[in-house]
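Only one structure is covered here, and it is reproduced in the block below.
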Amino acid sequence: MFKLDPLQQRRLENFRANKRARWSFWVFTVLFVLSLLSPLIANDKPLLISYKGEYFTPIKDFYPETTFGGDFETEADYTDPFIEELIQEEGGWTIWPLIPYSYDTIVYEAQPSPSPPGARNWLGTDDQARDVTARLLYGFRVSVLFGLALTLITSVIGIAAGAIQGYFGGWTDLIFQRVIEIWTSIPVLFIIIIIAAIIEPSFWVLLGILAFFSWPALVGVVRAEFLRARNFEYVQAARALGVSNGKIMFKHLLPNAMVATLTMLPFVLTGAISSLAALDFLGFGLPPGSPSLGELALQGQNNLQAPWLGFTAFVVLAVMLSLLVFIFEGVRDAFDPRKTFK
């Protein structure tokens with residue numbers, strides 16, 4: 001049976017002792033898992049079809065209309081009453097997701113658009129007659145995955161750069177500092193606007209651009225911790241024993257810098273999510289039609305007669321960012337050696 005060592009056990013108990021962080025973690029986990037299951041919860045294709053004694057799973061497989069007695073070799077439109085009739089005539093049945101719309105499904109029955117919340121569209125539709133609830137689920141997933149990926153990349157680069165600066169100091173530190181000053185003075189938004197004029201931004205393109213310019217966020221705190229601790233007696237003793245610089249940096253000094261680093265991580269993560277939402281709001285983010293919280297906020301601004309659009313975007317972003325901050329507060333306390341479980 002897997003058993004935590006005393007240090008990890010103390011950290012886990014410290015995190016559990018922070019009720020706000022613990023509850024935020026569970027609420028966020030539930031929301032994130034639901035967003036990961038978006039194709040099973042919100043989709044314009046049935047989960048399962050029974051037709052002539054056979055079972056079909058349109059949610060993951062392609063079936064032409066001729067499979068169900070239609071006339072065309074193109075994929076069947078399962079929302080078409082004609083296809084539904086063909087299936088029912090043979091004694092078949094369909095099991096639909098809880099929300100029978102995907103993020104890009106046009107709800108033709110919802111007129112005029114945007115339409116207010118109702119029994120079929122729980123949060124209404126946007127100005128292109130797309131279900132807001134479905135777009136919210138998919139947009140939440142994209143935002144969180146983008147934020148986590150950007151945070152991971154920038155953290156690895158920033159921690160490594162800050163550790164090298166602080167540990168070696170001297171000319172290495174001086175040159176790195178000048179490079180960072182130049183790097184952080186580059187207007188990232190202008191770079192994204194120029195790139196957006198040349199190629200269509202995608203998830204990976206935006207991730208690469210923002211990671212390219214966001215890594216200095218953690219350099220300062222890591223550098224300061226390494227500068228402070230590099231001349232401690234245990235570090236000098238390790239050097240005298242012939243321990244390699246890499247091992248001293250990442251085994252002996254980095255754990256001491258983790259508290260300061262974790263203090264900054266919530267700002268990095270929430271900043272990453274906010275950056276994507278801001279770019280989508282300005283029109284330089286994900287391709288048009290992509291599920292996006294920033295695009296939903298833009299629709300709220302452009303359709304003041306439909307307040308549910310802006311209100312939904314605001315509430316989701318506020319709840320998401322607040323939960324993440326509370327979780328990282330608990331993680332920071334868990335790694336703080338001055339904290340003890342009570």
Side-chain angles (χ1 to χ4, degrees), residues 21 24 28 142-169 172-195 201 203-230 249-250 253-282 284-286 293-294 317-318 320-336:
S24 297
F28 181 82
V142 170
S143 297
V144 175
L145 291 177
F146 184 89
L148 291 175
L150 183 58
T151 301
L152 177 63
I153 295 171
T154 56
S155 296
V156 170
I157 300 175
I159 290 173
I164 292 172
Q165 276 188 256
Y167 182 77
F168 292 104
T172 302
D173 184 32
L174 186 64
I175 294 172
F176 254 104
Q177 283 297 100
R178 302 293 80 77
V179 170
I180 290 175
E181 288 173 4
I182 296 172
W183 207 270
T184 53
S185 66
I186 299 175
V188 182
L189 181 59
F190 291 164
I191 298 295
I192 294 176
I193 292 174
I194 294 171
I195 294 176
F203 181 95
W204 298 109
V205 170
L206 290 174
L207 182 63
I209 295 172
L210 291 177
F212 195 68
F213 293 102
S214 301
W215 61 267
L218 292 175
V219 172
V221 292
V222 177
R223 169 179 172 268
E225 289 296 319
F226 272 72
L227 281 172
R228 181 179 65 87
R230 66 175 182 162
M249 290 166 61
F250 294 102
L253 291 180
L254 184 59
N256 293 328
M258 283 305 295
V259 175
T261 304
L262 290 170
T263 302
M264 293 297 296
L265 274 183
F267 300 104
V268 176
L269 179 55
T270 55
I273 295 174
S274 301
S275 296
L276 179 63
L279 289 173
D280 289 331
F281 182 82
L282 295 173
F284 301 110
L286 298 172
L293 299 179
L317 282 170
M320 179 200 301
L321 299 180
S322 298
L323 291 174
L324 288 171
V325 170
F326 295 153
I327 292 170
F328 273 98
E329 280 183 356
V331 174
R332 179 199 61 195
D333 292 344
F335 277 83
D336 191 343

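Since this is a predicted model, take the numbers as computed values, not measurements.
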Rounded to the nearest 0.5 Å, what separation is found between the CZ atom of F213 and the CD1 atom of I191?
5.0 Å

Distance from T154 atom OG1 to I159 atom CD1, nearest 0.5 Å?
9.0 Å

Please confirm whether the backbone N or O of I182 pairs with a side-chain atom of S185, one donor and one acceptor, at under 3.5 Å?
yes

Do R178 and I175 have side-chain heavy atoms sitting under 4.5 Å apart?
no

CZ-CG distance between F168 and L227, expressed to the nearest 0.5 angstrom
12.5 Å

Checking side-chain contact (heavy atoms from CB on, under 4.5 Å) for the pair Q177/L174: CA distance, chi angles, key distance, verdict?
CA-CA 5 Å; Q177 283 297 100; L174 186 64; 5.7 Å; no

How close do G147 and A272 get, heavy atom to heavy atom, and via which atoms?
CA-CB, 3.9 Å

L218 vs S155 side-chain heavy atoms within contact, under 4.5 Å:
yes

Find out whether I192 and L210 are in side-chain contact, i.e. whether some heavy atom of one side chain is under 4.5 Å from a heavy atom of the other.
yes

Which heavy atom of A21 sits nearest a heavy atom of G330, and at what distance?
CB-CA, 3.6 Å

L265 vs V331 side-chain heavy atoms within contact, under 4.5 Å
no

I'd like to know if the side chain of D280 reaches the main chain of L293, judged simply by a donor and an acceptor atom lying under 3.5 Å from each other, with no hydrogens or angles considered.
no

For I180 and P216, the nearest pair of non-hydrogen atoms, with its separation, is CG2-CB, 4.0 Å

Ignoring hydrogens, what is the shortest heavy-atom contact between M320 and S143? Give both atom names and the distance.
CE-CB, 4.2 Å

With F146, which of T151, I273, L206 fulfils side chain to side chain contact (heavy atoms under 4.5 Å, CB included)?
L206

Compare all side-chain heavy atoms of F226 with those of L254 and state whether any distance is below 4.5 angstrom.
yes

Kindly give the heavy-atom pair with the smallest separation between A217 and V268, and that separation in Å.
CB-CG2, 4.2 Å

F212 ring center near W183 ring center (under 6.0 Å):
yes

Would V222 and Q165 count as a side-chain contact (heavy atoms from CB on, under 4.5 Å) here? Give the steps.
CA-CA 9 Å; V222 177; Q165 276 188 256; over 6 Å; no

Within a 6.0 Å radius of atom CZ on F250, are there more than 12 heavy atoms belonging to other residues, nucleotides or ligands?
yes

Going from CG on L152 to CD1 on I157, what distance comes out if it is rounded to the nearest 0.5 angstrom?
9.5 Å

